[in-house]
Amino acid sequence: DSFSGPVCDRPVMRVNNPLVIVMVGLPARGKTFMGLKVARYLRWIGYTTKAFNVGEYRRRDAGIQKPASFFDPENDEAMDQRKKAALTALGDLVEWINQDGGEVAVLDATNTTRVRRELVFDFLAAKGIRVLFVETICDDNEIIEANIKEVKVNSPDYKDLSMEYAIEDFRKRIDFYRKAYEPLSEDYDKRKSYIQVFNVGQRFIVNNIKGHCQSRIVYYLMNLHVRPRRIFLTRHGESELNAEGKIGGNSNLSPNGRAYAQTLGEFIVSRRDELPGLKVWTSQLKRTIQTAEMAGLDYERWKALDELDAGLCDARSYEEIQQKHPQEFARRDQDKYNYRYPMGESYKDVVQRLEPVIMELERQHNVLVICHQASLLIGCSLLCENCM
């Protein structure tokens, strides 16, 4: 016999008006990193999102390996080229919103002057598009130098050039930007929506935030940090139900699962010196807890990390589900992300319950997460740009 379970219509996070996140700040302050992380997060929670990097337009139109003097605010010819690149990026951004149904765009550029920000704001406002400015301000020389050495020397602007030249030239470029830099101001910009992030999360100023989407962005940014750290994601060892080809349930580890747990423990022990303060998180199901215990690891349990709840199909094989409930099997096969098991969950539901875990993960240093297939896939889809 077959039965009808609820199946979600395609859930898309809709905004009343499209939104553009306009990055602001001097070079080597983490704007691109932050903008891409926010874009990935918004896609993860259901917004149609895309980032537009003005530097890529500038390199395409004006060429690569421009010297620092190209960024001198008194270099009128270069200023015209850079403005043209910004307007081209804005044009493509608006076309993407209008033609492809884009909801949130990230304009990744320095936008360090009021004149440039007003140009961007007026251009978008005239088309009914809201703007949220995100300014990254950093006076921590250690962070700035790390950004210069680890990121900018790998830029196409310095391809095949020595590291020494790249670092020296890029510092000069920063100096030119600094000459014309006008930070967002509570007096001048009080009617605009913005968040200022100081020293990659040490302090924040939030102004005139409007609506659910902007609130989610602020929430995410206030949990984000850029410190180097390692995050390990692993599925639990094989369970007894896994060995029988059945999904879900709450069975113990199989002999293969116990062997995996021991190997995992050896792997972590061999790298303890590289992982100071390592935290281990599991779900509340036996197979993840046993994996941590047999690996000899102290752990913290999270209900939110539990496997996707298969409801009435729990602890059954896919063959059983197909035979007993062919309509449900077919519905799931058509749209696995949105399909919800009868009396159970969809992948979309798991995304929603995983969000607090993701926020806490963003705040942490080194973490090993022992979880399940669904939570592993969903976590990877946010943390890894190209893993899904």
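Everything numeric here is computed off the predicted structure, so don't read it as measured data.
- For the pair Glu135 and Lys31, the salt-bridge criterion is not met [side-chain N within less than 4.0 Å of a carboxylate O].
- Note on ring orientation: taking the six-membered ring where Trp is involved, the planes of Phe170 and Tyr158 are perpendicular (angle over 60°, cut-offs 30° and 60°).
- Side chains of Leu132 and Leu19 form a contact here, defined as non-hydrogen atoms less than 4.5 Å apart.
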Steps toward side-chain contact (heavy atoms from CB on, under 4.5 Å) verdict (Tyr181, Ile137): CA-CA 11 Å; Tyr181 183 29; Ile137 300 171; 3.9 Å; yes
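- Residues Ile378 and Tyr220 share a hydrophobic cluster, clusters being chains of Ile/Leu/Val/Met/Phe/Trp/Tyr side chains in contact below 4.5 Å.
- At least one donor-acceptor pair under 3.5 Å links the side chain of Asn147 to the backbone N or O of Ala28.
- Cation-pi geometry between Lys127 and Phe123 is satisfied (NZ or CZ under 6.0 Å from the ring centre, within 45° of the ring normal).
- Ring centroid separation for the pair Phe71 and Phe176 does not come in under the 6.0 Å cut-off.
- A side-chain donor from one of Asp108 and Thr32 sits under 3.5 Å from a side-chain acceptor of the other.
- Without hydrogens or angle criteria, Asp189 side chain to Ser185 main chain gives a donor-acceptor distance under 3.5 Å.
- Atom CG of Asn242 and atom CG of Asn256 lie 10.5 Å apart (nearest 0.5 Å).
- A donor-acceptor pair under 3.5 Å is formed between the side chain of Gln196 and the backbone N or O of Leu184.
- In the hydrophobic clustering, Leu368 connects to Phe232, Tyr260, Leu264, Phe267, Ile268, Leu275, Leu278, Val280, Ile289, Leu297, Tyr299, Ile370, either directly or through intervening members, whenever side-chain heavy atoms lie under 4.5 Å apart.
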Trace of the salt bridge (charged side-chain N to carboxylate O under 4.0 Å, His left out) decision for Lys179 with Asp72: CA-CA 9 Å; Lys179 283 170 57 177; Asp72 185 342; 3.8 Å; yes
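- With a 4.5 Å cut-off on side-chain heavy atoms, Val94 and Ile129 count as touching.
- For Asp298, the CG atom sits in a loose shell: 12 or fewer heavy atoms of surrounding residues, nucleotides or ligands are nearer than 6.0 Å.
- Under the 3.5 Å distance criterion, the side-chain polar atoms of Arg29 are matched with a main-chain donor or acceptor of Pro27.
- One finds a salt bridge joining Glu328 and Arg331 here, because a Lys/Arg side-chain nitrogen approaches an Asp/Glu carboxylate oxygen to under 4.0 Å.
- Residues Ile167 and Lys149 have side chains in contact (heavy-atom distance under 4.5 Å, counting atoms from C-beta outward).
- The two atoms that bring Glu362 and Lys37 nearest to each other are OE2-NZ, 3.1 Å, heavy atoms only.
- When each of Thr110, Asn53, Val134 is tested with Met23 by the rule side-chain contact (heavy atoms from CB on, under 4.5 Å), just one qualifies, namely Val134.
- Glu238 and Ser254 are linked by a side-chain donor-acceptor pair at a separation below 3.5 angstrom, with hydrogens and angles left out of the test.
- A donor-acceptor contact shorter than 3.5 Å is absent between the side chain of Asn111 and the backbone of Val24.
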Evaluation steps, ring-ring contact (aromatic ring centres under 6.0 Å, His included), between Tyr341 and Tyr339: CA-CA 7 Å; Tyr341 283 101; Tyr339 171 77; 5.3 Å; yes
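- Within a 6.0 Å sphere centred on CZ of Arg60, heavy atoms belonging to other residues, nucleotides or ligands number more than 12.
- Following chains of ILVMFWY side-chain contacts shorter than 4.5 Å, one can reach Met222 starting from Met34, so the two form part of one hydrophobic cluster.
- In this structure, Asp80 contributes its side chain and Glu77 its backbone to no donor-acceptor pair below 3.5 Å.
- Closest non-hydrogen pair, Arg203 versus Ile205, comes out as NH1-CD1, 4.0 Å.
- A salt bridge is defined here as a Lys NZ or Arg NE, NH1 or NH2 lying under 4.0 Å from an Asp or Glu carboxylate O, and Asp175 with Arg178 meets this definition.
- Using modelled atom types, one finds a donor on one side chain and an acceptor on the other under 3.5 Å when comparing Lys279 with Gln364.
- Atom CD1 in Ile247 sits 8.0 Å away from atom CG in Leu308 (nearest 0.5 Å).
- Defined by atom type and a distance below 3.5 Å, a donor-acceptor pair is missing between the side-chain atoms of Glu319 and Gln323.
- Other residues, nucleotides and ligands contribute only 12 or fewer heavy atoms inside 6.0 Å of the NZ atom of Lys210.
- The main-chain N or O of Ala261 is never found under 3.5 Å from a side-chain atom of Thr291 such that the two would form a donor-acceptor pair.
- Using a 4.5 Å heavy-atom cutoff, the side chains of Asn207 and Ser193 are not in contact.
- Clustering ILVMFWY residues whenever any of their side-chain heavy atoms sit less than 4.5 angstrom apart, transitively, puts Val131 in the very cluster that holds Val54.
- If you check the side chains of Tyr219 and Glu355, you find no donor sitting under 3.5 Å from an acceptor.
- Arg230 contributes no side-chain N or O that, together with a main-chain N or O of Val367, makes up a donor-acceptor pair within less than 3.5 Å.
- A distance of 10.5 Å separates CZ in Arg301 from CG in Asp306, rounded to the nearest 0.5 Å.
- Judged purely by distance below 3.5 Å, without hydrogens or angles, the side chains of Trp302 and Thr282 never pair a donor atom with an acceptor atom.
- No side-chain heavy atom of His325 sits less than 4.5 Å from a side-chain heavy atom of Glu320.
- Tracing side-chain contacts under 4.5 Å through hydrophobic residues (I, L, V, M, F, W, Y), one reaches Leu224 starting from Phe204; they form part of the same cluster.
- Hydrophobic clustering, with ILVMFWY side chains joined whenever heavy atoms are under 4.5 angstrom apart, groups Leu361 together with Leu42.
- A cation-pi contact, defined as under 6.0 Å to the ring centre and within 45° of the axis, is absent between Lys192 and Phe133.
- Without hydrogens or angle criteria, Gln214 side chain to Ile209 main chain gives no donor-acceptor distance under 3.5 Å.
- Rounded to the nearest 0.5 Å, atoms OG (Ser251) and CD (Glu240) are 5.5 Å apart.
- Think of Val269 as one node in a network of Ile, Leu, Val, Met, Phe, Trp and Tyr side chains linked at under 4.5 Å; it has no links at all.
- Here the side chains of Asn252 and Ser239 are not in contact, with every heavy-atom distance at 4.5 Å or above.
- Judged by distance alone, with hydrogens and angles left aside, the side-chain atoms of Asn199 form no donor-acceptor pair with the main-chain N or O of Gln202 at under 3.5 Å.
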Worked verdict on Tyr188 versus Glu182 for side-chain hydrogen bond (donor to acceptor under 3.5 Å, both in side chains): CA-CA 11 Å; Tyr188 186 84; Glu182 298 170 296; over 6 Å; no
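- When side chains are defined from C-beta on, Leu383 counts as touching Leu233, because their heavy atoms get closer than 4.5 Å.
- The OG1 atom of Thr48 sits 4.0 Å away from the CD atom of Glu103 when rounded to the nearest 0.5 Å.
- Separating the CG atom in Leu221 from the CZ atom in Arg216 is a distance of 13.0 Å, to the nearest 0.5 Å.
- Classification of Glu145 and Arg171 as a salt-bridged pair holds, one side-chain N sitting under 4.0 Å from a carboxylate O.
- Asp61 is linked by a side chain to side chain donor-acceptor pair (under 3.5 Å) to nothing, counting only residues two or more places apart in sequence or in another chain.
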Worked check of salt bridge (charged side-chain N to carboxylate O under 4.0 Å, His left out) between Asp157 and Arg59: CA-CA 8 Å; Asp157 287 336; Arg59 284 186 283 270; 3.2 Å; yes
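- Leu354 has its side chain within reach of Ser375: a pair of non-hydrogen atoms, C-beta onward, lies under 4.5 Å apart.
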